[in-house]
Structures are given as C-alpha cells and as structure tokens.
Amino acid sequence: MKKIVAFVNPQSGSVPRDGSEALERVLSDLGYTADIISFEEGDVKTTLQRAIDQSPDYLIAWGGDGSINCALTASGSDGPPVLALPGGTMNLLHQRLHHGRTGWEDILRSALEDPQVSPWAAGEVEGQRFYVAVMVGRLTTLSESRELVRKGAFLEAITAAAKNSVFDMETRLQLRSRIGSRIISTDATAGAIVLAGEKRPRFDVAAIDPASQLDLVSVGFQSLLNGWRDAEDVSIETASGVTVEDIHGDPIPATIDGEPCELPPICEFRLIPVAAQVIRSKPVS
C-alpha cells in the first residue's frame, strides 16, 4: 500500500469547505488512506513542506494554480510525485496535466486506477518556476477582465482593461528567442512564454505587435474570448531559452501561471526539462 499525504487548500476558489472529508471518502472508496493536511493560515509553502517531510510515496495537492505551482516546486525532481486536483478559478496547470479533465473526483479516480509517474518540465524566471506560461506586457492585466467576461459582465471588462492601461501602445518589449545557435529578436507590445512539448519540452514564444491601437484593442479582446494563440497579429517561435527586455528600462508587468507580478526590465527564462514528477489522469476516450 502506497503512503499518501494530501494537501488541501480550502481557501482556493473552488475547493469546498468540507474538501478534506470529501477527499477522504473518495480515497476510501478507491481503497486508499491518506494523511490529509488542510491549509488554514500562514504560508502555503511551509504547509506543503510539512507534507513532503513525511516522505510520502504520492503527494495529492488540491488547490488552484498557485498552490500546485508551490507543490511541484517544493517536491522537485527527486521528491514525491504530485497528483494535482483542480480547486482554483482558472486551473490552467490542471487542464494541461489531465488532458482537459476538470472534475477533481473524476481526475482522482482516473489517476489512481493505475498510477503512472511521469516527469514534468518547468520554466524559470527570476528564481520562480512556472509550469504553464508567463505573459509579459500590459495585456497581462487582462486576467481581471477575463474573469468579468466569463461572468458575462462585458462593460465591466472593458472598464477594467481601460483602468489597467492595457491598451497602452507605448509599452515596448524586445523578445530574444534562442533557437539552437541562433538568436531571433522580435519587438513586441506584449508576449507569452509558453511551456510546450511533453517528451521534448520547449518554449513557444508568442510576440504580439499590432500596427495600431485599434488592432491592439482587437487582439486584447480576441485573447479574452479565444486565447492568445487564436488572436491575430501574433507570431510564434519555438525556443530553448528566452530573454525579455523593456527597451525603456521599466519593470515588466507579467503573470506567472496566472498570478500577477512584476519582472525586472531585463529577465532571462530558462528551461528545466525535468522539474518534478507527476501522476496524471488518463486521456478522455
């Protein structure tokens, strides 16, 4: 019998208040027991480290993208494999891990029927790891607007975009993508560094450089509704490393796996091919 420790963050967007009890019931149905640690207050990283210090065979982490980012980073390539359950608002990482499955119980049952451990890649910028994508430039503040669009509050979404100066054409970035021995340099208003490829990890680097503010508004709202890849005026390169520079020397607005932050005027992105071990659910047949 495998030793399982589970971390549950009931403060995440969609973890129920009785999450620990619900998780225990489903695990029992599957023939497993677990030591369940519920995050109450303080530092998520400290609570996760308590779980890892118990040397489990599997670490279940139930929370949003931020919690799962912390779990994968804390466990690392030599720690226990992580089974991530979706409990946030966006759940970007969970969708990538679990082939689009979205229900926590469905994922848990599928993953534990025949657990398969796989390596998982990460990117790193300024000492912080990411497992889905980093978006840079003022378009990254569309995350607030995106949530409003999902709720059908389109007028409020436009207001939020204007408040955050999302459509400021003066913000100029240079993205330098390393492709083999070559460096491809692209000017952009905004960009995305996206982890891609599972057997051969890489970065897909999307540079957004519209010709006018009207085009930028169009790109912004296409990205709200359809995602960055489906927007026009977006060029994509494949790279093993990336440098992003604000040519005015200003800090760079960014989101790392959906979490807003600010990066320095010049920052380096490096690829970590094996950053953690994960347990994934099966593809939907």
Side-chain angles (χ1 to χ4, degrees), residues 65-66 69 92 122-130 132-149 157-179 181-196 202-271:
D65 288 303
N69 183 305
L92 301 172
E124 188 173 81
V125 58
E126 293 299 304
Q128 183 168 346
R129 291 189 177 184
F130 61 96
V132 180
V134 175
M135 298 186 180
V136 292
R138 293 195 178 182
L139 275 178
T140 62
T141 57
L142 279 171
S143 56
E144 178 182 354
S145 298
R146 182 178 293 111
E147 290 307 306
L148 291 166
V149 167
I158 294 170
T159 301
K163 179 190 72 176
N164 291 323
S165 301
V166 167
F167 304 122
D168 181 358
M169 292 290 289
E170 295 301 314
T171 300
R172 302 294 296 178
L173 303 175
Q174 187 177 76
L175 279 62
R176 297 190 287 274
S177 303
R178 187 169 65 253
I179 306 170
S181 60
R182 298 182 299 137
I183 301 293
I184 303 296
S185 183
T186 309
D187 289 337
T189 301
I193 297 87
V194 183
L195 276 164
R202 66 180 191 273
F203 290 135
D204 282 352
V205 184
I208 300 172
D209 195 26
S212 68
Q213 186 160 9
L214 181 61
D215 290 341
L216 182 57
V217 171
S218 174
V219 169
F221 282 95
Q222 283 184 64
S223 70
L224 273 177
L225 298 171
N226 305 314
W228 293 68
R229 290 178 179 276
D230 298 325
E232 297 179 4
D233 294 310
V234 176
S235 62
I236 298 178
E237 300 280 359
T238 295
S240 58
V242 187
T243 301
V244 177
E245 179 177 0
D246 184 289
I247 63 174
H248 301 299
D250 295 327
I252 300 171
T255 61
I256 297 180
D257 283 354
E259 298 293 325
C261 67
E262 193 172 77
L263 295 173
I266 301 177
C267 47
E268 300 278 348
F269 293 76
R270 72 183 187 98
L271 185 65

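Index from 1, following the sequence.
Annotation for A206 and L175: closest pair O-CD2, 3.9 Å, computed over non-hydrogen atoms. Contact record, V134 with V136: CG1-CG1, 4.1 Å, taken as the closest heavy-atom pair. The nearest pair of heavy atoms linking A254 to L263 is CB-CD1, 3.8 Å. Across all non-hydrogen atoms, the minimal contact from G123 to L195 is N-CD1, 3.7 Å.
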Evaluate side-chain contact (heavy atoms from CB on, under 4.5 Å) for T186 paired with V205, printing each intermediate quantity in order. CA-CA 10 Å; T186 309; V205 184; over 6 Å; no
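With sequence neighbours excluded, the residues satisfying side-chain hydrogen bond (donor to acceptor under 3.5 Å, both in side chains) with E268 are T243. Remark: R176 pairs with Q174, E245 by the side-chain hydrogen bond (donor to acceptor under 3.5 Å, both in side chains) rule, at least two apart or across chains. The side chain to side chain contact (heavy atoms under 4.5 Å, CB included) check on P251 picks up E262, with sequence neighbours excluded. Legend: residues meeting salt bridge (charged side-chain N to carboxylate O under 4.0 Å, His left out) with E259, ordered by chain and number and at least two apart, are absent. Residues that satisfy the side chain to side chain contact (heavy atoms under 4.5 Å, CB included) test with D257, not counting sequence neighbours, are N69, F130, Y131, V132. Q128 meets the side chain to side chain contact (heavy atoms under 4.5 Å, CB included) test with I256; sequence neighbours excluded. Residues passing the salt bridge (charged side-chain N to carboxylate O under 4.0 Å, His left out) test with R178: none are found, sequence neighbours excluded. In this view, D65 satisfies the side-chain hydrogen bond (donor to acceptor under 3.5 Å, both in side chains) rule with no residue, not counting sequence neighbours.
One finds the CD1 atom of I252 at 15.5 Å from the CE atom of M135 (value rounded to the nearest 0.5 Å). Distance CD1/I179 to CD/E237: 4.5 Å, rounded to 0.5 Å. For the atom pair CG of L173 and CD1 of I266, the computed distance is 12.0 Å after rounding to the nearest 0.5 Å.
A side-chain donor-acceptor contact under 3.5 Å links T189 and R172.
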